[in-house]
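Here the structure is laid out as structure tokens; the discussion comes afterwards.
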Amino acid sequence: MEMPKFFQIMSEETPAVSKGFFDMAGAIQKEGGLDDKTFQLVYIAIKAAGGSDGLGSVVAHTVMAKQAGATREEIRGAILVSLMTNGLQGVVSCLEAALDAYDKA
């Protein structure tokens, strides 16, 4: 999966910031106490709660979740959690795109 353009720009324009961001993200993932699959599912649920603002991240992390062993049903469930916390916006914005990304990954 191709890295979003803003990451490329950040890396080119501010390499120290880019490195710091990815180092922090890696440390959170490594030392956060969650296995990779659970980490990705939690991430998807949180981003789906933001609706369309999280769509790109939901799609990218759906592919990572599948690679970590998540099932299609687990992806769907992670997004449906946002229905309970934030209403329909996450489901409407993210469910179809995430399941499509899962099926294509």
Problem set entry | Interatomic spacing from CZ in Phe6 to OG in Ser11 - rounded to 0.5 Å | 12.5 Å

Problem set entry | Separation of Gln40 CD from Asp35 CG (nearest 0.5 Å) | 10.0 Å

Grouping I, L, V, M, F, W and Y whenever their side-chain heavy atoms are under 4.5 Å apart, do [X] and [Y] come out in a common cluster?
| X | Y | result |
| --- | --- | --- |
| Val92 | Tyr102 | yes |
| Val59 | Leu95 | no |
| Leu41 | Leu99 | yes |
| Leu34 | Met64 | no |
| Leu83 | Ile79 | yes |

So does [Y] get a backbone contact from the side chain of [X], meaning a donor-acceptor N/O pair under 3.5 Å?
| X | Y | result |
| --- | --- | --- |
| Ser93 | Gln89 | yes |
| Lys66 | Ala105 | yes |
| Thr62 | Val58 | yes |
| Thr14 | Met10 | yes |

Are there over 12 heavy-atom neighbours, none belonging to [X], within less than 6.0 Å of that residue's [atom1]?
| X | atom1 | value |
| --- | --- | --- |
| Met84 | CE | no |
| Glu96 | CD | no |
| Glu13 | CD | no |

Problem set entry | Any Tyr43 side-chain heavy atom under 4.5 Å of Ser57 side chain | yes

Exercise. Is there side-chain contact between Phe39 and Ile28, with heavy atoms separated by less than 4.5 Å?
Worked result: yes

Problem set entry | Under the salt bridge (Lys or Arg N to Asp or Glu O under 4.0 Å) test, residues paired with Lys37 that sit two or more places apart | Glu74

For this session: Can you sort out the partners of Lys30 under salt bridge (Lys or Arg N to Asp or Glu O under 4.0 Å), two or more places apart, ordered by chain and number?
Result: none

Taking all non-hydrogen atoms of both residues, which atom of [X] and which atom of [Y] are closest, and how far apart?
| X | Y | result |
| --- | --- | --- |
| Ala78 | Ala45 | O-CB, 3.3 Å |
| Ala49 | Asn86 | O-ND2, 3.3 Å |
| Cys94 | Ala48 | SG-CA, 4.0 Å |
| Ala101 | Val63 | O-CG2, 4.3 Å |

Exercise. Quick one: salt bridge (charged side-chain N to carboxylate O under 4.0 Å, His left out) pairs with a partner in residues 19-28, sequence neighbours left out?
Worked result: Lys19-Asp23

